[in-house]
There are 2 protein chains.
Amino acid sequence: MANKPSVGQFKAQAQVFKALAHPGRLLMLDELSRGERCVCELAALVGSEMPTVSRHLSQLRNAGIVDDEKRGAQVFYRLVTPCVMNFFQCVASVREKGRA
Amino acid sequence: MANKPSVGQFKAQAQVFKALAHPGRLLMLDELSRGERCVCELAALVGSEMPTVSRHLSQLRNAGIVDDEKRGAQVFYRLVTPCVMNFFQCVASVREKGRA
DNA sequence: TAGTAATTTAGCAAAGTGGCGAAGTCAGTC
DNA sequence: GACTGACTTCGCCACTTTGCTAAATTACTA
């Protein structure tokens with residue numbers, strides 16, 4: 001019933017893409033594709049302060065891309081939808097064709 | 001040779017995602033997936049002014065997602081990398097899992 | 001050459017994004 | 001109960017994005 005997707009659908013999808021539209025968040029997702037990580041590990045990875053990283057992660061969580069689990073004093077994040085990692089191949093081809 | 005992608009790579013990829021992170025641009029891409037369209041057709045589709053649509057299209061072009069061709073007084077845009085349309089399925093699953 | 005239509009570019013105001021430090025919350029330790 | 005560490009939320013500022021109108025550009029027509 002959705003041959004012509006509605007504007008609302010695109011709005012929701014744009015939110016997901018928006019969550020992916022940041023180098024630091026992509027770096028974190030790449031790391032999470034190899035297993036769950038706590039916030040402090042990801043903060044060290046991207047080299048930003050923890051508040052900054054925490055907010056990036058909540059953006060990814062709100063988009064439904066990652067999930068979090070509190071264990072003790074630490075919070076571990078993991079990738080919920082690994083298929084987003086497939087995007088990278090297409091995006092790479094986008095960039096290659098772009099410069100052709 | 002790229003087991004550990006560099007920050008620069010993620011920066012470039014984020015640019016592509018950024019180009020996709022707008023409902024109107026997604027709507028236009030969906031339309032372009034069914035064939036080339038001129039700017040005025042796309043403007044009518046999204047219901048924005050032509051200058052606005054023109055800028056959105058140049059963003060998509062700069063990202064390497066679409067290509068343009070001038071024919072007479074009109075400029076026709078077409079999808080260069082149809083694989084970006086595959087994203088939508090994964091994004092849809094992201095949103096479904098997100099609300100589970 | 002004038003005139004009209006299709007696009008793009010430029011300039012402006014409003015809204016959103018990203019980063020940091022300060023402060024608040026929660027878990028484990030002394 | 002006080003203290004420390006991990007994390008989140010808040011407030012602030014700088015920067016970017018977005019949409020509009022006005023103006024410049026290009027193609028076609030009379």
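In what follows, every chain begins at residue 1, and chains take the letters A, B, ... in the order their sequences are listed.
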Whole angstrom is fine here: how far is it from [atom1] in [X] over to [atom2] in [N]?
X     : N      : atom1 : atom2 : answer
B:L60 : C:dT8  : CG    : C1'   : 16 Å
B:R61 : C:dT7  : CZ    : P     : 13 Å
A:E36 : D:dC7  : CD    : P     : 12 Å
B:M28 : D:dT18 : CE    : C1'   : 12 Å
B:F76 : D:dT26 : CZ    : C1'   : 15 Å
B:M50 : D:dT21 : CE    : C1'   : 14 Å
B:E41 : C:dA5  : CD    : C1'   : 15 Å

[Y] and [X], any side-chain heavy atoms less than 4.5 Å apart:
X     : Y     : answer
A:F10 : A:F17 : no
A:L29 : A:L20 : yes
B:L57 : B:V39 : yes

Worksheet item: D:dA6 phosphate, OP1 or OP2: any side-chain N/O from A:Y77 under 4.0 angstrom?
Response: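 Negative; the distance criterion is not met.
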Fill in: Polar side-chain atom of B:S33 near backbone of B:D30 as donor-acceptor pair, under 3.5 Å
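Confirmed, B:S33 side chain pairs with B:D30 backbone.
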Discussion item. Test your reading of the model: is there a side-chain donor-acceptor pair from B:E41 to the backbone of B:C38, 3.5 Å cut-off?
Written reply: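 Confirmed, B:E41 side chain pairs with B:C38 backbone.
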Provide a list of protein-nucleic acid N or O atom pairs under 3.5 angstrom, restricted to nucleotides 25-30 of chain C.
none

Work out which heavy atom in [X] is nearest to a heavy atom in [Y]; give both atom names and the distance.
X     : Y     : value
A:G64 : A:T81 : O-OG1, 4.1 Å
A:A63 : A:A19 : CB-CB, 3.6 Å
B:V84 : B:L79 : CG2-CD1, 4.5 Å

Practice prompt. Sort out for me which residue in B:L27, B:T52, B:L26 forms a side chain to side chain contact (heavy atoms under 4.5 Å, CB included) with B:V46.
Written response: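 Only one option passes, and that is B:L27.
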Might you list the N or O atoms of the protein lying below 3.5 Å from N or O atoms in nucleotides 18-21 of chain C, with each pair's distance?
| from | atom 1 | to | atom 2 | distance (Å) |
| --- | --- | --- | --- | --- |
| C:dG18 | OP1 | A:R25 | NH2 | 3.3 |
| C:dG18 | OP2 | A:Q59 | NE2 | 3.3 |
| C:dG19 | OP1 | A:H22 | NE2 | 3.2 |
| C:dG19 | OP2 | A:H56 | NE2 | 2.3 |
| C:dG19 | N7 | A:R55 | NH2 | 2.3 |
| C:dG19 | O6 | A:R55 | NH2 | 3.2 |
| C:dC20 | OP2 | A:E49 | N | 3.4 |
| C:dC20 | OP2 | A:T52 | OG1 | 2.7 |
| C:dC20 | N4 | A:R55 | NH2 | 3.4 |

